[in-house]
Amino acid sequence: MLPFFRRSERWLLGADAWRGAEGHVSVEPSALRDPIAQSWFAAIDASGQGRTTDYNGESPEGFGPMQYSVDHGRRSSAASAYLKPALSRPNLRLIKRATVTRVLFDGRRAVGVEYMRAGRNVQALCSDRLVLSMGAINTPQVLMLSGVGPASHLKEVGIDPVLDLPVGKNLEDHLGYFLEWERRDLDPFHASLRLDRIAINMMRAYLFRTGPAAHLPGSIGGFIRSSPDFVAPDLQFLIPFISPSANVWLPFQNVRTQAEFAVKVQLTSQRSRGEVKLASADFRTRPQIVYNSLSDDHDLKVLRAGFRIAQDLGNSPALAAFRKAPRNPDRVLDHDKDIDSFIRSTAIQQYHPASTCAMGGDSRAVLTNELKVRGTANLFVVDASAMPRLISGNPNIVIIMMAARAVDLWKQMPT
Ligand SMILES: Cc1cc2nc3c(=O)[nH]c(=O)nc-3n(C[C@H](O)[C@H](O)[C@H](O)COP(=O)(O)OP(=O)(O)OC[C@H]3O[C@@H](n4cnc5c(N)ncnc54)[C@H](O)[C@@H]3O)c2cc1C
């Protein structure tokens, strides 16, 4: 995968054996402008946790500045990096505000899709490959609406099965929660939200792509192991330099929220699995998303270990100058029971759904290793749903890399 990662990114600090500097997606390191950053690093060092200067490089383990997909003050997305520059190609047509409702089959061959646009049902036909990229929720939804999915479930909702495959199963997401402390000083990000300052800075960012509003406030990230027995990190930490409840405020009015600092603990080695199911055969009905979070005890155990590490970091003497009082939880938690209850009441999915059309080498997978829907002649999927397991980091650039890899693979395949 490494050549495809390198080919996908334009890393601002230059290429090396691990990083690419000539690719499409611009990636920049976080600027650590908040004075609390140095105290966090002191707390991390005192705790014995390691550091890394580039978690996307040779040494991913430890704490270091986060990296962002930003290009001169704007988000560098799949749309801005790949789609927009290609829009003038004669063989590309972009149809906006169109909702694909099903794949059309002639036997096992996909011959097009049906989509709704402005209340009209339209067909787009194809004679070659058909590729679905609607994400880990909607790709399985549309496949199931087309009769490709678990046969018994499809019959339940009144759809005739075309292919019996475990579409929608195996759903994974990262689960995470924040610990928060009240902060003595006003952090630079919250200070920048004073109405007159932010109004000017937003205009500056919009017109010239410069100034504080053209940069993310910065954060420290960390990939660590909950126990030395593990071979790879199973937890991801995020220390954002944003008060979680920061609001836009007016000078002379006492409506500014209390400044805080926070740390997020995120599980990256989850064993609980969920499922995307159809609620009805009508495409307008949203699919059911059943996460089954924490259904495997392992997940709670690792998140609990993460809580203890995060709590010790936030209560470190190194942060004493910034720390006023614990906020969430509002006291130090020692007992497993209390920690578990805090996790159960605060943890949420981190918007990384994946693996609902997993690729793999055997018949339990929905896709072949070439990302073709098993049993079809020419129907392919490339998006988060195709991951056999959700990767243990942020998925966006990985999905972009998968698309680059898929294109390379398909070019070598006969149609
Ligand atoms: C709030 C938020 C914050 C995130 N932050 C990060 C982050 O910091 N770093 C990171 O790495 N990842 C982050 N992610 C996750 C990342 O955005 C996703 O993992 C990634 O975009 C998934 O890519 P995809 O191609 O699988 O699906 P998507 O990016 O969701 O693309 C699917 C596309 O298909 C379209 N579509 C869906 N159904 C249909 C249909 N029926 N007909 C036509 N079009 C359809 C959708 O509109 C969408 O444009 C975040 C996600 C969210 C929601």
Side-chain angles (χ1 to χ4, degrees), residues 5 8-9 25-28 30 55-56 65-70 75-84 93-104 112-118 121-124 130-146 168 171-176 216-219 221 223 236-240 242 264 266 268 276 278 282-287 289 348-359 366-367 371 380-407:
F5 269 120
S8 304
E9 71 164 350
V25 180
S26 171
V27 183
E28 62 178 38
S30 169
Y55 59 83
N56 283 320
M66 283 295 283
Q67 298 173 18
Y68 300 123
S69 307
V70 172
R75 170 60 96 195
S76 187
S77 65
S80 68
Y82 289 89
L83 191 55
K84 282 188 189 145
R93 188 170 157 222
L94 174 68
I95 304 172
K96 294 188 195 171
R97 296 185 183 83
T99 304
V100 172
T101 56
R102 70 184 176 115
V103 178
L104 303 167
V113 292
E114 213 161 71
Y115 63 90
M116 285 296 289
R117 188 159 186 264
N121 204 1
V122 192
Q123 292 191 345
L130 181 66
V131 183
L132 303 180
S133 295
M134 294 176 287
I137 307 297
N138 297 114
T139 290
Q141 181 200 18
V142 169
L143 279 174
M144 287 191 274
L145 288 171
S146 317
L171 173 66
E172 277 193 61
D173 201 329
H174 295 137
L175 196 67
L216 284 151
S219 49
F223 290 93
Q236 183 177 356
F237 277 49
L238 178 75
I239 301 168
I242 302 178
K264 184 170 80 174
Q266 187 171 302
T268 59
V276 173
L278 290 182
D282 184 339
F283 79 92
R284 286 166 300 196
T285 313
R286 289 179 183 176
I289 305 167
I348 58 165
Q349 277 75 30
Q350 298 298 309
Y351 324 115
H352 299 162
S355 306
T356 47
C357 299
M359 67 171 105
V366 172
L367 308 176
L371 301 171
F380 292 80
V381 170
V382 62
D383 57 27
S385 72
M387 288 187 186
R389 290 228 35 210
L390 174 56
I391 53 114
S392 55
N394 290 12
N396 194 51
I397 195 76
V398 182
I399 297 158
I400 289 172
M401 177 280 296
M402 282 165 62
R405 176 77 183 95
V407 170

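Values below: every heavy atom of this structure, side chains too, minus hydrogens, waters and symmetry copies. In listed order, ligands and their atoms are each counted from 1.
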(request) With atom 24 (P) of ligand 1 as the reference point, say which of Ile400, Thr99, Asp383 has the nearest heavy atom. (result) Asp383
Can you tell me the protein heavy atom closest to [atom] and the distance?
atom	answer
atom 13 (C) of ligand 1	His352 NE2, 3.8 Å
atom 38 (N) of ligand 1	Asn138 CB, 3.2 Å
atom 35 (C) of ligand 1	Met134 CA, 4.5 Å
atom 17 (O) of ligand 1	Asn396 OD1, 4.1 Å
atom 3 (C) of ligand 1	Tyr351 CD1, 4.0 Å
atom 18 (C) of ligand 1	Ile399 CD1, 4.4 Å
atom 30 (O) of ligand 1	Gly135 CA, 4.5 Å
atom 9 (N) of ligand 1	Asn394 ND2, 3.5 Å

(request) Applying side-chain contact (heavy atoms from CB on, under 4.5 Å), run through Leu132 and Val381 and close with a yes or a no. (result) CA-CA 5 Å; Leu132 303 180; Val381 170; 4.3 Å; yes
(request) Please work out whether any backbone atom (N, CA, C, O) or any side-chain heavy atom from C-beta onward of Ala98 is under 4.0 Å from ligand 1, and answer side chain, backbone, both or neither. (result) backbone
(request) Give the contacting part of Gln141 toward ligand 1: side chain, backbone, both or neither, where contact means a heavy-atom distance below 4.0 Å. (result) neither
(request) Provide the number and element of each atom of ligand 1 under 4.0 Å from a heavy atom of Ser133. (result) 32 (C), 33 (C), 34 (O)
Are any non-hydrogen protein atoms located under 4.0 Å from [atom]?
atom	answer
atom 46 (C) of ligand 1	no
atom 32 (C) of ligand 1	yes
atom 15 (C) of ligand 1	yes
atom 5 (N) of ligand 1	no
atom 28 (P) of ligand 1	no

Backbone or side-chain N or O of [X] under 3.5 Å from ligand 1 N or O:
X	answer
Ala384	yes
Pro395	yes
Val100	yes

(message) Is the shortest side-chain heavy-atom distance between Met387 and Met402 below 4.5 Å?
(response) yes
To the nearest 0.5 Å, what is the distance between [atom1] on [X] and [atom2] on [Y]?
X	Y	atom1	atom2	answer
Tyr68	Ser219	OH	OG	2.5 Å
Phe283	Asn138	CZ	CG	12.0 Å
Ser77	Lys84	OG	NZ	6.0 Å
Met144	Thr356	CE	OG1	8.0 Å
Cys357	Leu371	SG	CG	10.5 Å

(request) Return yes if some donor-acceptor pair links the side-chain N/O of Arg97 with the main-chain N/O of Arg117 below 3.5 Å, else return no. (result) no
(request) Report yes or no: does Thr101 contribute a side-chain atom to a donor-acceptor pair with the main-chain N or O of Glu114 at less than 3.5 Å? (result) yes
(request) Taking atom CZ of Arg286 as the centre, report whether more than 12 heavy atoms of other residues, nucleotides or ligands fall under 6.0 Å from it. (result) no
(request) Using the side-chain contact (heavy atoms from CB on, under 4.5 Å) rule, take Tyr115 and Ile95 through it: C-alpha gap first, then chi angles, then the decisive distance, then the call. (result) CA-CA 10 Å; Tyr115 63 90; Ile95 304 172; 3.4 Å; yes
(request) Report the C-alpha separation of Ile348 and Gln350 in whole Å, then their side-chain angles, then the decisive distance to 0.1 Å, and conclude whether the side-chain contact (heavy atoms from CB on, under 4.5 Å) test is met. (result) CA-CA 6 Å; Ile348 58 165; Gln350 298 298 309; 3.8 Å; yes
